[in-house]
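Below is one structure, written out as structure tokens, with a few remarks after it.
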Amino acid sequence: MPGDQWESLLTEGARSLEVRWIFPGPVGTAAIDWFGRFPTEMESREDTYLLDPRWRGLSVKVRGGCTLEVKMYRGSPGILDAAGRARGRMESWQKWSFPSGPLSHDYGDLACWRPVGKRRRISRFALSGGRIVTHAAGLVHEPRCDVELTEIRTPGQECWSLGFAATGPADLLHSALEATAALVFAQALPGGVELGSDECRSYSEWLARRPGAESRADI
């Protein structure tokens with residue numbers, strides 16, 4: 001990669017606006033059917049998160065065994081409230097990604113890392129002409145929002161997550177996220193599942209709250 005592209009990557013990173021809810025237990029078939037109203041891609045991978053030391057506002061992981069990903073929390077623009085059916089704090093993130101390999105002892109104490117298996121169903125949307133449409137390959141320059149329904153497995157625990165991540169021009173991320181949420185939640189999630197603020201958190205925050213995840217160093 002040319003030096004000027006590396007400099008831009010290191011300086012700017014990739015911006016996103018995200019909101020995520022995480023629940024204990026397996027995802028039900030009713031939720032899978034509800035999510036299947038939209039075109040869906042499937043992806044399975046294992047991400048490994050650094051838990052200790054823990055830096056406030058920073059998430060570090062090895063994504064799929066091939067990419068080192070560093071995300072910095074940049075604050076919240078407010079609360080997402082979608083048709084009274086979902087409520088949670090939106091989070092602004094800045095991400096840097098670097099080629100990597102599977103974890104080895106070069107990364108230090110492997111006990112400080114936590115593997116998280118993910119089986120993801122992903123629907124992609126784009127904000128085009130002021131309205132949200134199912135994301136098409138030709139809309140690469142439009143603000144986008146990916147929605148994922150994810151089955152999560154960690155040692156001794158099974159959970160599931162529903163998350164939104166908007167990318168593209170910074171001034172349109174909020175609009176893309178809210179418009180996508182309005183479309184997705186036009187039909188309520190079945191089974192009486194409540195998407196509230198108590199269940200809303202990032203993966204790194206969720207991992208830090210799990211029993212036994214307390215950091216020896218909170219910098």
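Here Ser92 pairs with Leu17, Arg74 under the side chain to side chain contact (heavy atoms under 4.5 Å, CB included) rule; sequence neighbours left out. Under the salt bridge (charged side-chain N to carboxylate O under 4.0 Å, His left out) criterion, Glu151 pairs with Arg119, Arg121, not counting sequence neighbours. Every residue two or more places apart in sequence or in another chain that forms a salt bridge (charged side-chain N to carboxylate O under 4.0 Å, His left out) with Lys118 is listed here: Asp47. Qualifying salt bridge (charged side-chain N to carboxylate O under 4.0 Å, His left out) partners for Arg201, counting only residues two or more places apart in sequence or in other chains: none. Residues satisfying the side chain to side chain donor-acceptor pair (under 3.5 Å) criterion with Ser175, sequence neighbours excluded, are absent altogether. Under the rule for a side chain to side chain contact (heavy atoms under 4.5 Å, CB included), the partners of Leu183 that lie at least two apart in sequence or sit in another chain are Phe38, Phe125, Ile132. Taking the side chain to side chain contact (heavy atoms under 4.5 Å, CB included) definition, one finds that Glu194 meets it with nothing, sequence neighbours left out. With sequence neighbours excluded, the residues satisfying side chain to side chain contact (heavy atoms under 4.5 Å, CB included) with Pro39 are Thr134. With sequence neighbours excluded, no residue satisfies salt bridge (charged side-chain N to carboxylate O under 4.0 Å, His left out) with Arg37. Trp93 meets the ring-ring contact (aromatic ring centres under 6.0 Å, His included) test with Tyr73; sequence neighbours excluded. For the side chain to side chain donor-acceptor pair (under 3.5 Å) test, no residue two or more places apart in sequence or in another chain qualifies with Arg85.
Without hydrogens or angle criteria, Trp96 side chain to Ala14 main chain gives no donor-acceptor distance under 3.5 Å. Distance alone, capped at 3.5 Å, is enough to place a donor-acceptor pair between the Glu199 side chain and the Gly196 backbone. Remark: side-chain polar atoms of Thr40 are not paired, donor with acceptor, to backbone N or O of Gly36 under 3.5 angstrom. A distance-only check finds a donor-acceptor pair linking the side chain of Trp34 to the backbone of Gln187 [under 3.5 Å]. Ser16 places no side-chain N or O within 3.5 Å of a backbone atom of Glu18 that could act as its donor or acceptor partner.
Atoms NZ and CZ, on Lys61 and Arg114 in that order, are 15.5 Å from each other to the nearest 0.5 Å. Note that CZ of Arg120 is 4.0 Å distant from CD of Glu148, once rounded to the nearest 0.5 Å.
Taken together through direct or relayed side-chain contacts under 4.5 Å among Ile, Leu, Val, Met, Phe, Trp and Tyr, Ile32 and Phe23 form part of one hydrophobic cluster.
In this structure, the side chains of Arg56 and Leu58 stay at 4.5 Å or more apart for every pair of heavy atoms. In this structure, the side chains of Cys112 and Leu50 come closer than 4.5 Å at one or more pairs of heavy atoms. When side chains are defined from C-beta on, Arg63 does not count as touching Glu46, because their heavy atoms never get closer than 4.5 Å. Here the side chains of Pro53 and Trp55 are in contact, with some heavy-atom distance below 4.5 Å. Val62 places none of its side-chain heavy atoms less than 4.5 Å from the side chain of Tyr49. The shortest distance between side-chain heavy atoms of Ile22 and Ile152 falls below 4.5 Å. Leu127 places a side-chain heavy atom less than 4.5 Å from the side chain of Pro143. Contact annotation: the side chain of Thr180 never approaches that of Phe185 to less than 4.5 Å [non-hydrogen atoms, C-beta and beyond].
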Scan the side chains in residues 158-167 for donor-acceptor partners under 3.5 Å anywhere in the protein, sequence neighbours excluded, and list what turns up.
residue, atom, partner, partner atom, Å
Glu158, OE2, Arg153, NH2, 3.3
Ser161, OG, Arg20, NH1, 2.7
Ser161, OG, Trp21, O, 3.1

Practice task
Take His174 and Met90 through the side chain to side chain contact (heavy atoms under 4.5 Å, CB included) test and state the conclusion after the steps.
Solution key: CA-CA 9 Å; His174 194 287; Met90 294 179 285; 3.3 Å; yes
Problem - Candidate pair Val19 and Cys200, rule side chain to side chain contact (heavy atoms under 4.5 Å, CB included), full reasoning - result: CA-CA 7 Å; Val19 61; Cys200 184; 3.6 Å; yes
Exercise for the section: Please lay out, stage by stage, how Leu68 and Ser97 fare under the test side chain to side chain contact (heavy atoms under 4.5 Å, CB included). Expected result: CA-CA 6 Å; Leu68 177 65; Ser97 299; over 6 Å; no
Problem - Check against side chain to side chain contact (heavy atoms under 4.5 Å, CB included), Thr150 and Tyr203 - result: CA-CA 12 Å; Thr150 305; Tyr203 278 120; 3.7 Å; yes
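Minimum interatomic distance between Leu173 and Gly168 (heavy atoms only, all atoms of both residues): CD2-N, 3.5 Å. Contact record, Cys145 with Leu177: SG-CD1, 3.9 Å, taken as the closest heavy-atom pair. Heavy-atom minimum distance, Phe35 versus Ile122: CE2-N, 4.2 Å. Arg89 and Ile79 make their closest contact through CA-CD1, 3.8 Å (heavy atoms, listed as atom of the first residue, atom of the second, distance).
Side-chain contact, Thr67 with Glu69: no donor N or O sits under 3.5 Å from an acceptor N or O.
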